[in-house]
Amino acid sequence: SQKIEQNSEALNIQEGKTATLTCNYTNYSPAYLQWYRQDPGRGPVFLLLIRENEKEKRKERLKVTFDTTLKQSLFHITASQPADSATYLCALETSGTYKYIFGTGTRLKVLA
Amino acid sequence: DSGVTQTPKHLITATGQRVTLRCSPRSGDLSVYWYQQSLDQGLQFLIQYYNGEERAKGNILERFSAQQFPDLHSELNLSSLELGDSALYFCASSVASGGFTDTQYFGPGTRLTVL
């Protein structure tokens, strides 16, 4: 069956370090993958989108990679700050169906 | 503030009842999406409307229905409520009909508690 997996355990890192979050998917061939940030009790906020023909995408301190062979995307936050503490969700659209599938998210806590 | 509004913010009701959740998309957005988020299942796509027409359907129960009105606001109707329907319900909107160029903007959500 089709599945997206993110590390359900919380990730605690020290301020200033690089946080790396993983998103693995099976039985999909997505044309693109998205990353969102969600704060407690609030709606997700779109961060970055990466297409299947792009290996890497950057936006300020954020970097996303997409390996369609490994069926994996990595999300990096460099020089992390306590304000980066949130849950990060990956999402993809099952090709051509307009149905969006979200991972369960990874909770990141950046320690001052 | 994403520009998407949802009402009510909180809703407490009893099993077997029916409720209606309302969503107003960002100005100019033609698509509305509904999602359910519970602790054990994460964010689940329910349904999408584009310019008044159903565009895509996800894991939406038969007890649930939605529609998008001519003014583009949308309502999600939940009936014969069960305890397991307790969740956060999010609405999102986007400019077009979906696809990689079409960013979704999420509302603040409606927290539904079924007692």
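Note on naming: letters A, B, ... go to the chains in the order of the sequence lines (proteins, then strands), and numbering restarts at 1 for each one.
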Note to self: Quick one, B:Tyr35 with A:Tyr100, criterion ring pair (Phe, Tyr, Trp, His ring centres under 6.0 Å). Give me CA distance, side-chain angles, the key distance, then yes/no.
What the structure shows: CA-CA 10 Å; B:Tyr35 292 86; A:Tyr100 294 86; 7.3 Å; no
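Remark: A:Thr20 engages A:His76 in a side chain to side chain donor-acceptor pair (under 3.5 Å) (not counting sequence neighbours).
A:Tyr32 is connected to A:Leu89 through a chain of hydrophobic side-chain contacts under 4.5 Å among Ile, Leu, Val, Met, Phe, Trp and Tyr, so both are in one cluster. Hydrophobic clustering (side-chain heavy atoms under 4.5 Å, transitive across Ile, Leu, Val, Met, Phe, Trp, Tyr) keeps A:Tyr25 apart from A:Leu74. There is a path of hydrophobic side-chain contacts, each under 4.5 Å, that joins B:Val32 to B:Phe64. Connection of A:Ile101 to B:Leu46 is not established within any shared hydrophobic cluster, with ILVMFWY side chains joined at heavy-atom distances below 4.5 Å, either directly or through further cluster members. A:Leu49 and B:Tyr33 fall within the same hydrophobic cluster, defined by Ile, Leu, Val, Met, Phe, Trp and Tyr side-chain heavy atoms under 4.5 Å apart, directly or through other members.
The salt bridge (Lys or Arg N to Asp or Glu O under 4.0 Å) contacts involving residues 69-88 of chain A comprise A:Arg61-A:Asp84, where partners must be two or more places apart or lie in separate chains.
Expressed to the nearest 0.5 Å, how far CZ of B:Phe90 lies from CD of A:Gln38 amounts to 5.0 Å. A distance of 10.5 Å separates CG in B:Leu43 from OG1 in A:Thr104, rounded to the nearest 0.5 Å.
Along residues 65-74 of chain B, no residue comes nearer than 4.5 angstrom to chain A, judged on non-hydrogen atoms. Against chain A, the residues from residues 105-115 of chain B that qualify, each with a non-hydrogen atom under 4.5 angstrom away, are B:Phe106, B:Gly107, B:Pro108 in number order.
Considering only heavy-atom pairs separated by less than 4.5 Å from chain A, the leading option among B:Gln44, B:Gln104, B:Gln6 is B:Gln104.
Counting heavy-atom neighbours within 6.0 Å of A:Gln14 CD, excluding the residue itself, gives a total above 12.
Only the side chain of B:Gln37 has a heavy atom closer than 4.5 Å to any heavy atom of chain A.
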